[in-house]
Amino acid sequence: MGTTFGKGCHLHLIDGSAFIFRAFHALPPLTRKSDGLPVGAVSGFCNMIHKYVEDNSGPDAPTHVAVVFDKGSHTFRNDLYDLYKANRDEMPEDLRPQIPLTREATRAFNIACLEQEGFEADDIIATLTRRAVEAGGRVTIISSDKDLMQLVGNGVEMLDAMKGKRIGVEEVEEKFGVRPDRVVDVQALAGDSVDNIPGAPGIGIKTAALLIQEFGDLETLLDRADEIPQPKRRQTLIEHRAQIELSKRLVTLDQAMPLEVTLDDLEVRRPDPASLLAFLNQMEFRTLTRRIAEALGVDAPAAADPAPAAAEAPARLPFTPETYECVRDAAALRGWIEAAQARGWVAVDTETTGLDEMRCDLVGISLAVEPGRACYIPLGHKTGGGDLFGADALAEGQMPLSEALALLKPLLEDPAVMKIGQNMKYDAKVLARHGITVAPIDDTMLMSYAMHAGLHGHGMDALSERYLDHSPIPIKSLLGTGKAQITFDRVPIDEAVKYAAEDADITLRLAQLFKPQLHRAKVTTVYETLERPLVAVLAEMEMTGIKVDRDTLSRMSNAFAQKMAGLEAEIHELAGERFNVGSPKQLGEILFDKMSLSGGKKGKTGAYGTGADVLEDLAAEGHDLPARVLDWRQIAKLKSTYTDALQDHIHPETGRVHTSYVITGAVTGRLASTDPNLQNIPVRSEDGRRIREAFVADAGKVLVSLDYSQIELRILAHVAGIDALKQAFRDGHDIHAMTASEMFDVPLDRMTPEIRRRAKAINFGVIYGISGFGLARQLRIPRGEAQGFIDRYFERFPGIRAYMEATVAFAKANGYVQTLFGRRIHTPEIGAKGPQAGFAQRAAINAPIQGTAADIIRRAMIRMPAALGGLPARMLLQVHDELVFEVEAGAADDLIGRVRAVMEGAAMPAVKLDVPLVVDAGQGANWAAAH
DNA sequence: CTCGTCACG
DNA sequence: GACGTACGTGACGAGT
């Protein structure tokens, strides 16, 4: 370990995706015996990797190796050309669940496993190839893909593993008729029907090669196209110049993409027999397990139990806290790191002094490599006493923090070792502050969310009790509660070991239980594409934060305080006595007992209702006091929740506010924002909206806000199949006016705002699972009239009622509903009797619509880092259908173009909507101006 | 710690 | 025939 890549080194880059597809198509469908999981491609993949290892252990063995995969189907090329690879079929259903298993297989062989969202495997290969050549090494690319041939030469060659044929400069020239460095020119002209590269119509490889030979390169050819003798050819090149140039950009591989991994990380490592055989055994590959055991010179393990028993086995192993190890020096830590590296996975948990990742300090790290085998590394525990200033000394027997992190960094960043956590976003952020980028990751909280949304929460204690039948040590037993509560750095180390190591142990056991269940629950794709990749994206946004101007907030607070004092005096005057205006109880007594106003209704707790709707009715009757209270309440809300509280959230060092998004916060797939909640900053009232002026861009930058227009109604039109709505969206019509026109037989040119307002309320009501009562209250009309509107709506759009009924029936039959992307939301209350029944049905109707919208913006966010590559821009906030960015002023328009393309295309290619998605954009010095 | 209230999509 | 209802969140102050 530890040699630097350079002269004499030989890097092998394996085109992993090509291996998978070849294995999938060449082999008959094969399923795992115990549970029917399709594993044919995994089996073929393992065979090919094994054969590769056998064939390459001789004198010319590589010193460095990596298997490179495609990730996702959207890359920067789709932003250049939306039809790029558009004629590709969706991945076969049987292959999909095998994709993550091939990653695991690669790690089981102890080979680095690389992939990156937004880039193709070919770009990663190109980038590493260039780096290796620049460092003076040789490269062999194990692939026969012609798109990689542009890289050949200069110590780089390709190897067709199936045919055992080497592809050097000569072979490339034979195929393309030009030297490798001009291959992209030929490809740009000839195009490619497989990848849907347009090229120049009527020109194939032969003609293209002739032209490039004659003119030297593509740019010269295009500049001097008028010299081409053949009139047809000449005309084609001149006419299609832009298309040809685009084609060249599409076929040219990115040799300088951002890539965290370094060549040194790819050094060849011997596989750990135990973990490799464990993986093969878990896949139930009998022959291969035996063959590889022989090759490694060890005994094959006993054949695996049927999967369900195997999956439950780790849960049954008892917890033995006394066997957890306390790691106090580098030698011991190295042992744990090697154990993790040999297995290809490790569960990780960090202990800190608080819950705010941006402010707390790291106190220790725990690791688990097997059920029951875990350790805790104390790093920041303090001695009890404390000096006069409360600054305690570090407790004895701890490694220096910097030394431990220096040892752990390569493991935590090793692409071949899976880091397993419970809510990894937290640990990733803590470690990021120490310069460590944790990857790749698995997250038990997100696995549970993908499988169990709507059934129960996803906190570790709940999961442990429910799935491992084990109650973890409560944190309160260590920290105490209330005023006497201490921070984790004050916990004695021997107590901390039991608690912290147990957390890592539980996390590992949960992962081993959940991972194989994802497929059976049919949510592997949801977990892999909508949950897990979001962790890094959100961590980055949260750490970036948004700048908030304290002076603006402070001035507003003062103004609000004055206004409130004035209103309070008026209210006391009107009431004839002093009372706490902020107390609903006291207010209710004043209004309905003392003043005997009408409409006093007591709720289930026996208190009068004094909500805004009640006070508005009273105010409309001409009563001044409730009107003043409404004004007071609005200001009190703005002051306490926003202008006051937000100031406390400004980070002392960054001057910015760092919210925290909860990925599992809403059952539908929406995010939740906490500490502070930046998803409910006022916008509807004029006074409230001014609070957004305090959210500002840094000097020289602007804030850009982009939001989906009517995304939920568009999804409704699609899922319910309402032709009239779909057509209206395609034509860009005013959807509420069009609904009003259909319902009330009013031609569009005679539409009034009032009729449109009613139709708008109905459209929203439909999304929520409409009821006559709800609509009546919203529109303040009699219930019978509201019911009449709803009946008419369903007459005009019978598909909507059919959709609603079908959704409820599906929920009753299956116990869940799902989004267009396969996210499942469980509906355990759907069969309930009584008033809960209505709740559950409306929630079931709403969930697929709200959830599909949530999935779409998640997909957009996950693609954003790649789409933004190179731009001086950062994504700051998500507000359900809106994304907020901060960008150098000069690049705002470029940013809007790119982000809009990603957002509008975010459903593709997994789902092709019948309606267009439309994104509105704004920019300005602050959030109010950008919205 | 629960409730009522109100901010957002 | 009566129930009581629009869907999804988080934070605050009051009052237990």
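Side chains are part of it too, since the values below use all heavy atoms of this structure and drop only hydrogens, waters and symmetry mates. Chain identifiers are assigned alphabetically (A, B, ...) following the order of the sequence lines, protein sequences preceding nucleic acid strands; residue numbering begins at 1 within each chain.
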> Taking atom P of C/dG8 as reference, at what distance in whole Å does atom CG of A/D855 sit?
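The answer, rounded to whole Å, is 16 Å.
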> Using the C1' atom on both, measure B/dA7 against C/dC3 and round to a whole Å.
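To the nearest whole Å, 30 Å.
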> At the 4.0 Å heavy-atom cut-off to chain A, mark where contacts on DNA chain B begin and end, going 5' to 3'.
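The protein-touched segment is B/dC3 to B/dG9.
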> So what does A/E882 touch, heavy atoms closer than 4.0 Å: a base, only the sugar-phosphate, or nothing?
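The residue A/E882 makes no contact with any strand.
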> Testing the 3.5 Å rule here: is there a donor-acceptor pair between the side chains of A/D549 and A/T552?
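Note: A/D549 and A/T552 side chains meet the donor-acceptor criterion.
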> Please report the distance, rounded to the nearest Å, between CD in A/Q836 and C1' in C/dC3.
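In whole Å, C/dC3 C1' and A/Q836 CD are 11 Å from each other.
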> Between the side chain of A/N926 and the main-chain N/O of A/F695, is any donor-acceptor distance below 3.5 Å?
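Such a contact is absent between A/N926 side chain and A/F695 backbone.
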> Using a heavy-atom cut-off of under 4.0 Å over every strand shown, decide if A/A854 touches base, sugar-phosphate, or nothing.
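No contact at all - A/A854 keeps every heavy atom at 4.0 Å or more from the nucleic acid.
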> Describe the nucleic acid contact of A/R633 in one word from base, sugar-phosphate, nothing, applying a heavy-atom distance below 4.0 Å.
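The residue A/R633 makes sugar-phosphate contact but no base contact.
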> Under 4.0 Å between any heavy atoms, over every strand shown, what does A/F839 touch: base, sugar-phosphate, or nothing? Just pick one.
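Sugar-phosphate: the residue A/F839, judged by heavy atoms under 4.0 Å, touches backbone atoms but no base.
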> What pairs of donor and acceptor atoms, side-chain ones from residues 825-835 of chain A against any protein atom, are under 3.5 angstrom apart with sequence neighbours left out?
| from | atom 1 | to | atom 2 | distance (Å) |
| --- | --- | --- | --- | --- |
| A/H826 | NE2 | A/M451 | O | 2.8 |
| A/T827 | OG1 | A/G815 | O | 3.4 |

> Touch check for A/G838, heavy atoms < 4.0 angstrom, all strands: base, sugar-phosphate only, or nothing?
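No contact.
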> Reckon A/A840 touches a base, only the sugar-phosphate, or nothing at all at heavy-atom distances under 4.0 Å?
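A/A840: no heavy atom of the nucleic acid under 4.0 Å.
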> Checking A/Q422 side chain against A/M445 main chain: does a donor-acceptor pair fall under 3.5 Å?
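Present.
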> Could you tell me whether A/R842 sits above the aromatic face of A/F839, with NZ or CZ closer than 6.0 angstrom to the six-membered ring centre and within 45 degrees of the axis?
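Ring-cation test returns yes.
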> Just how far, in rounded Å, is P of C/dT5 from CD of A/E829?
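Checked: the CD to P distance equals 16 Å.
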> When you check the side-chain N and O atoms of A/N558 and A/Q562, is any donor under 3.5 Å from an acceptor?
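Short answer, no.
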> If we ignore angles and hydrogens, is there a donor and acceptor under 3.5 Å between the side chains of A/E357 and A/H658?
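Their side chains do not contain a donor-acceptor pair, so the 3.5 Å distance test is not met.
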> Mind checking side chain to side chain donor-acceptor pair (under 3.5 Å) for A/R578 and listing every partner two or more places apart, or none if nothing turns up?
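None.
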> Taking atom P of C/dG8 as reference, at what distance in whole Å does atom CD of A/Q841 sit?
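About 13 Å, once rounded to whole Å.
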> Write down the distance between CD1 (A/I715) and P (C/dC7), rounded to a whole number of angstrom.
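Checked: the CD1 to P distance equals 19 Å.
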> Does A/K563 pair with A/D631 as a salt bridge, N-O distance under 4.0 Å?
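No, A/K563 and A/D631 are not salt-bridged.
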> Requiring both pairing distances under 3.5 angstrom, list the stems that contain DNA chain C and are made of three or more consecutive Watson-Crick or G-U pairs.
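B:1-9 with C:7-15 - these are the stems of 3 or more pairs that involve DNA chain C.
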> What I want to find out is whether A/R757 reaches A/E754 closely enough, with some N-O distance under 4.0 Å, to be called a salt bridge.
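Salt bridge between A/R757 and A/E754, a charged N being under 4.0 Å from a carboxylate O: yes.
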> Within the 4.0 Å heavy-atom criterion, would you say A/L775 contacts the bases, only the backbone, or no part of the nucleic acid?
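The residue A/L775 makes base contact.
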> Could you tell me how far apart A/I857 (CD1) and C/dG8 (C1') are, to the nearest whole angstrom?
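Roughly 15 Å, once rounded to whole Å.
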> Indicate, with a heavy-atom threshold strictly under 4.0 Å, whether A/R689 touches base, sugar-phosphate, or nothing.
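Result for A/R689 = nothing.
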> Enumerate the residues from residues 786-819 of chain A whose closest heavy atom to DNA chain B is under 4.0 Å, giving them by residue number; use none for an empty result.
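Here the set is empty: none.
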> Before we go on, tell me: are the rings of A/F789 and A/Y793 under 6.0 Å apart, centre to centre?
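No, the ring of A/F789 stays outside the 6.0 Å limit from the ring of A/Y793, centre to centre.
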> Verify whether one side chain among A/R633 and A/T610 offers a donor that lies under 3.5 Å from an acceptor in the other.
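On atom types as modelled, these side chains qualify, holding a pair under 3.5 Å.
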> Are A/D443 and A/Y527 linked by a side-chain donor-acceptor pair shorter than 3.5 Å?
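No.
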> Checking all strands, does A/G772 fall into the base, sugar-phosphate, or nothing category for heavy-atom contacts under 4.0 angstrom?
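Contact class for A/G772: none.
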> Using ring centroids (six-membered ring only for Trp), state whether A/H651 and A/H649 fall under 6.0 Å.
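Between A/H649 and A/H651, the centre distance exceeds or equals 6.0 Å.
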> For A/Q878 and C/dT9, give me the distance from atom CD to atom C1', rounded to whole Å.
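So the two atoms are 12 Å apart, to the nearest Å.
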> Does a nitrogen or oxygen in the side chain of A/R842 sit under 4.0 Å from OP1 or OP2 of C/dC7?
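It does, given that an N or O in the side chain of A/R842 lies less than 4.0 Å from OP1 or OP2 of C/dC7.
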> Using modelled atom types only, decide if a donor and an acceptor are shared between the side chain of A/E542 and the backbone of A/Y661 within a distance under 3.5 Å.
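Indeed, once roles are kept as given, a pair shorter than 3.5 Å links the two residues.
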> Atom CG of A/N846 and atom C1' of C/dC7: how far apart are they, to the nearest Å?
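Roughly 4 Å, once rounded to whole Å.
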> For every nucleotide of nucleotides 11-16 of chain C, 5' to 3': is a protein heavy atom under 4.0 Å from its base (B), only from its sugar-phosphate (S), or from neither (-)?
BSSSS-
> Report which part of the nucleic acid A/L671 touches: base, sugar-phosphate, or nothing (heavy-atom distance under 4.0 Å, all strands).
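Nothing, no heavy atom under 4.0 Å.
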> Roughly how many Å apart are C/dG4 and B/dC6, using the P atom of each and rounding to a whole number?
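One P to the other, the span is 22 Å.
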